[in-house]
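Have a look at the structure below, then the notes.
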There are 2 protein chains.
Amino acid sequence: MKGNSGRQQLLDAVIEHFTDDGLADQSLRHIAAGVGTSHRMLLYHFGSKEELLVAVARAVEERTLDQFAAVSGAGEATTDEVVRLMWAHVADPALGDFERLFFALYGRALQGDERMRPLLGENIQRWLDANVAAAATQGVPAETARVHARLGLAVTRGLLLDLLATGDRAGTDAALDAFARHYSGTWCEATIESAS
Amino acid sequence: MKGNSGRQQLLDAVIEHFTDDGLADQSLRHIAAGVGTSHRMLLYHFGSKEELLVAVARAVEERTLDQFAAVSGAGEATTDEVVRLMWAHVADPALGDFERLFFALYGRALQGDERMRPLLGENIQRWLDANVAAAATQGVPAETARVHARLGLAVTRGLLLDLLATGDRAGTDAALDAFARHYSGTWCEATIESAS
DNA sequence: CCCTTCATGTACCAAATGGTACACTACGAG
DNA sequence: CTCGTAGTGTACCATTTGGTACATGAAGGG
């Protein structure tokens with residue numbers, strides 16, 4: 001069985017290493033040196049390099065989903081509120097390196113690496129489902145909630161991509177603010193309240 | 001201007017190869033075989049593997065900027081119009097593989113690979129500048145245009161990421177439509193930024 | 001106290017890697 | 001014709017690669 005002791009610990013260390021040093025073109029020996037073990041141990045616990053990468057991808061996905069949960073678990077939420085919360089959480093400079101790792105894995109998974117691809121769809125799907133469920137408690141139709149959650153996620157990810165590339169926090173903040181303002185109080189698209 | 005003859009031709013072939021086969025963990029020999037040449041030739045024309053990758057990244061960036069130009073060159077445009085046009089262009093399934101390559105490179109550039117990072121910022125910056133210039137001809141203040149262009153780009157990229165992962169064209173279309181509807185006709189009046 | 005099981009280190013391997021040396025061709029300019 | 005220069009093929013190299021074989025260690029149950 002996948003003993004959560006040594007293996008999990010090692011996996012966390014590998015993720016941290018990738019977070020700092022990038023995951024491109026790393027040999028098992030580099031990784032092992034980076035986490036203070038031998039490449040032999042990585043093979044022992046994960047079987048092969050590819051399986052290691054898959055485990056990393058899976059763990060990173062799990063972690064991002066936890067971040068989502070922390071945000072959407074905050075009770076009531078209109079689209080603009082959720083997006084603002086998510087942005088505040090995700091734009092934290094302390095998380096920058098981890099976000100970079102996420103996008104690096106994501107990009108890699110999009111291209112080939114068949115074993116990683118399903119995770120990506122799941123990632124988004126689970127996020128949408130969670131939001132739909134949350135919205136249901138407010139009597140919001142599932143289809144509407146799904147569309148808005150999807151858009152909110154896209155805005156956040158798109159701006160995060162921008163922020164990580166340009167480092168322009170003020171500019172991306174302003175863009176997110178513009179979005180949230182246009183969506184303030186919006187639950188279903190028919191009800192745009194013209195209050196200021 | 002390094003001779004646009006052999007080198008450029010080779011570069012295009014490499015990009016096409018990466019588009020089809022992915023760029024992760026490819027050796028010079030794999031690439032060479034994929035484009036019908038020898039790894040010796042790649043070294044001859046590009047000097048080293050890293051320089052090859054940089055050349056690829058630069059060329060891909062150029063290509064995406066051309067895509068942008070094709071969209072924003074279409075005369076008048078409010079935020080929702082530009083976004084709709086851009087989405088229609090970018091969500092074309094025929095471009096899927098290329099977009100995947102773009103995001104793979106982007107993710108890789110975000111992590112390490114110092115020589116690639118500047119390109120990313122430039123990519124966004126040039127897009128924003130182009131939009132600001134276009135908006136200026138309509139008397140739209142630069143700051144406002146910049147914010148909206150930024151948001152539009154983020155929405156498009158975020159939804160594209162979603163589309164490529166999930167393949168859910170209908171869902172992403174709906175999300176983009178929701179966004180565009182909320183922004184329809186928006187130029188400035190709704191976004192008075194007295195402070196940031 | 002032995003036996004088994006999980007964990008780890010050492011040594012090794014065949015294959016592949018990025019890069020180089022050198023010889024050769026093609027060809028346009030003088 | 002000759003010469004220089006750009007392009008290409010062949011052969012090679014030292015190093016590194018992912019992966020394996022085997023011995024060892026530590027823990028725990030019988």
Are B:Tyr106 and B:Phe102 close enough that their ring centres sit under 6.0 Å apart?
yes
For residues B:His182 and A:Phe179, establish whether the separation of their ring centroids is below 6.0 Å.
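Here the rings of A:Phe179 and B:His182 have centres that are no less than 6.0 Å from each other.
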Send over the distance from [X] [atom1] to [N] [atom2], rounded to a whole Å.
X       : N      : atom1 : atom2 : value
A:Arg7  : C:dT5  : CZ    : C1'   : 18 Å
B:Tyr44 : C:dA21 : OH    : P     : 15 Å
A:Phe46 : C:dA7  : CZ    : C1'   : 14 Å
B:Ile31 : C:dT17 : CD1   : P     : 10 Å
B:Gln9  : D:dA6  : CD    : P     : 18 Å
A:Leu52 : D:dG19 : CG    : C1'   : 14 Å
A:Glu51 : D:dG18 : CD    : C1'   : 13 Å
B:Leu42 : C:dT20 : CG    : C1'   : 15 Å

Main chain of [Y], side chain of [X]: is a donor-acceptor contact present, judged purely on distance under 3.5 Å?
X        : Y        : value
A:Gln67  : A:Arg63  : no
A:Arg100 : A:Leu164 : yes
B:Arg157 : A:Asp162 : no

Results of side chain to side chain contact (heavy atoms under 4.5 Å, CB included) for B:Leu128 - residues two or more places apart only:
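Partners of B:Leu128 by the side chain to side chain contact (heavy atoms under 4.5 Å, CB included) criterion, ordered by chain and then number, come out as B:Ile124, B:Gln125, B:Arg146, B:Ala149, B:Arg150.
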Evaluate the side-chain proximity of B:His39 to B:Leu43: yes if any heavy-atom separation is below 4.5 Å, no if none is.
yes
Is any side-chain nitrogen or oxygen of A:Ser48 closer than 4.0 Å to OP1 or OP2 of D:dG18?
no
Between B:His45 and D:dT8, does any side-chain N or O lie under 4.0 Å from OP1 or OP2?
yes
Protein and nucleotides 11-17 of chain D: nitrogen or oxygen contacts under 3.5 angstrom:
from, atom 1, to, atom 2, distance (Å)
D:dT17, OP1, A:Ser27, OG, 3.0

Of A:Gly47 and B:Met41, whose closest DNA chain D nucleotide lies nearer the 5' terminus?
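Of the two residues, B:Met41 wins.
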